[in-house]
Amino acid sequence: MTMPNQKHSSRQLQYLEAMGINLWVSRDFQETDIVADVIESKIDIEPELLLEEPESSVDLPQIMTEQSTDQPKNTLDQLRQEVSVCQKCQLHSERTQTVFGVGNSQSNILFIGEAPGHDEDKQGEPFVGRAGQLLNSMLFAIGLRREQIFIANILKCRPPNNRNPLVGEIEQCIPYLKQQIELVNPKVIVVVGRVAAHALLNTELPMAKLRGQQHYLPETQLPIIVTYHPAYLLRSPLAKQKSWEDLLMLYELDKNLFQSK
Ligand code: URA
């Protein structure tokens, strides 16, 4: 599908390219005169999906750059404090620090990954390494900024050498995530990667069966979208197209999701 007269900054073009969206540049190219062609995507993308630079006020969802100061944040802070001294499993002995989660505690959207890696362990924030940069690009491509959502992991401590989390580690740690879900109270959860999806949905289905459809958090009506982990997308760029389709499901759920509560 060609979108005539869509205007994109060079930064947004980079993000769209990172997401595997083909871009055709008109012969008399100017930065503000680029025709984006998403022929390969076969997705009907509504023009408002492709937003201007964050600095632009046009069509951008309300962005909360500062955390709210009401109750949920304080309670999340208490939980953060509790997590920071957790010694329920052996991972505490090798961590630099716990990685609780980050973002807008009033967001309707909660992203959940697997576990901190080397960079996250050092910085105390989820998804700050290469996978995190791609996650930021994926978010931007659908018109979201990292600050607008809340991001957390199944595990709050880094497994040594980035090995997969052990069952016992997940069992000890997931109650913290469940409390985060209650406190943030999102309208939808986006789970990235097989490990996180299996832990949260209590299933062993392969990604091919999990992605592309809506799930629910067990015993709740809370919708869950499963998509590829950005680290996997770095290794398998062809899968970016499918992850783009998964993220567009957010729009199908509710166009108001991108607003804060
Ligand atoms: N991978 C994850 O699943 N979470 C992070 O925070 C970083 C990388």
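Whatever order the structure lists ligands and atoms in, that order sets their numbers, starting from 1. Small disclaimer: the values here were computed from a predicted structure and weren't measured.
- No more than 12 heavy atoms of other residues, nucleotides or ligands lie within 6.0 Å of CZ in Arg194, so this atom counts as exposed by the packing criterion.
- Side-chain atoms of Glu120 come within 3.5 Å of backbone atoms of Gly129 as a donor-acceptor pair (strictly under, hydrogens ignored).
- At least one donor-acceptor pair closer than 3.5 Å links the side chain of His198 to the backbone N or O of Leu205.
- Residue contact check: Pro126 has heavy atoms under 4.0 Å from atoms 6 (O) of ligand 1.
- A salt bridge does not link Asp119 with Lys122: every distance from a Lys NZ or Arg NE/NH1/NH2 to an Asp or Glu carboxylate oxygen is 4.0 Å or more.
- Of the protein's non-hydrogen atoms, Asn153 OD1, 2.8 Å is the one closest to atom 4 (N) of ligand 1.
- Nearest approach of Ile151 to Pro126, heavy atoms of both residues: O-CG, 3.6 Å.
- Counting the atoms of ligand 1 from 1 in the order shown, those under 4.0 Å from a heavy atom of Gly113 are 3 (O).
- Under a 4.0 Å criterion applied to the non-hydrogen atoms of Ala115, ligand 1 contributes the atoms 1 (N), 2 (C), 3 (O), 4 (N), 5 (C), 6 (O), 7 (C), 8 (C).
- Within the 4.0 Å heavy-atom cutoff, His229 counts among the residues contacting ligand 1.
- Close approach of ligand 1 to Glu114 is summarised as follows: ligand atoms under 4.0 Å from at least one heavy atom of the residue are 2 (C), 3 (O).
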